[in-house]
Amino acid sequence: FPNSPSNGDVYRGFVYNSTTGAWRTTRAVFNSPTATGGTEVIAGGYRYHTFTSSANLTCTDGGTVEVLMVAGGGGGGGGTSNEGKGGGGGGGLIYQEASLTPQTYSITVGAGGAAGSNGTDTTGFGLTCTGGGAGGAANANGSDGGSGGGGGGSGVATQRAGGTGTQSPGYGEDGGRGFNTPGENGGGGGGAGNVGSNLTGVFTAGSGFGGGGLSFFEWATATSTGSGGGYAGGGGAGVRTGTPGLGGFGGGGLGGLIATVGNGVDTSGGGGGGGGLGNPGGTGGSGILIVRYAI
């Protein structure tokens, strides 16, 4: 074997593990497939196939793989009224094993939603990951989706509810509640790991944040995708007055005050930030599908 190997080095059917200081056998032990498709990279003893747009994975030798799927994030609340709009929900997230057989698998990667629109689904291997719900416009509830959009700010007595996270199986949380008069600020979009927060007052800093997504740091680092090592964060709330909500970990966009509003991060499925005073929300980030297996 080579001298001074690094973790993940492959040599004649063995891979080096720096934690144990040993070489281990590869495909025969882990029942890994032989496959082509997407952007391929080898890191840490795994082969990754990354899909950021719709394509095929061709499997010529069956085996077991891990699959990470994220749908497109929902757009922030739309419209140009003065009330703050809800943050878009992060795309639904699925992580699980799948058994592949020799065939060609069709993969669809969801796009992020425009302001006021849900993100689109990511599909593959018989699984469907649901697009994030749009943030609520002024005086409107957030939309249901993989994670729910935040409720819009309301100029009437009734507060507007966040949308429901519907991703099952997998991960997706509810959007936060928008605030009613006199604050009229939105609620944060839900993320894969946490609910969006409610906006509770006129000048309340730190409210209306997007819900956090989930961390897959090893995957994100190997494939140069996601945001900060995470995926499917919710968008922050837009405000009429006060401090806009921050986007959730995993690509959620910053909420708007006047002209500034953040988009969800592409390849993370982050929700778009809710629009602020007189402005619509940001666009949700595109989704992703990653397959990996030991080599």
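Every heavy atom of this structure was used, including side-chain atoms; hydrogens, water molecules and symmetry mates were not. In this chain, residues are counted from 1 in sequence order.
- With rounding to the nearest 0.5 angstrom, the CG atom of N194 is 9.5 Å from the OG atom of S147.
- A distance of 8.5 Å separates CH2 of W219 from OH of Y46, quoted to the nearest 0.5 Å.
- Atom OG1 of residue T36 and atom CG of residue N56 lie 9.5 Å apart, to the nearest 0.5 angstrom.
- Here the CG atom belonging to L100 is positioned 11.5 Å from the OG1 atom belonging to T58, to the nearest 0.5 angstrom.
- In the hydrophobic clustering of ILVMFWY residues, with side-chain heavy atoms under 4.5 Å counting as a link, Y105 and Y48 come out apart.
- S154 and N139 share a side-chain donor-acceptor pair at under 3.5 Å.
- Ion pairing of R160 with E83 is absent here, as no side-chain N (NZ or NE/NH1/NH2) approaches a carboxylate O to less than 4.0 Å.
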ask   = Under the side-chain contact (heavy atoms from CB on, under 4.5 Å) criterion, do Y231 and L68 qualify, and how do the steps go?
value = CA-CA 10 Å; Y231 300 87; L68 174 63; 3.9 Å; yes
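- Y171 and F249 are members of different hydrophobic clusters when ILVMFWY side chains are connected at heavy-atom separations under 4.5 Å.
- K85 places no side-chain N or O within donor-acceptor distance of the main-chain N or O of A140, the cut-off being under 3.5 Å.
- Taking CG of L93 as the start and OG1 of T122 as the end, the distance is 10.0 Å to the nearest 0.5 Å.
- Closest heavy-atom contact between V67 and A98: CG2-CB, 4.1 Å.
- Rounding to the nearest 0.5 angstrom, the gap separating the CD atom in E173 from the OG1 atom in T166 is 11.5 Å.
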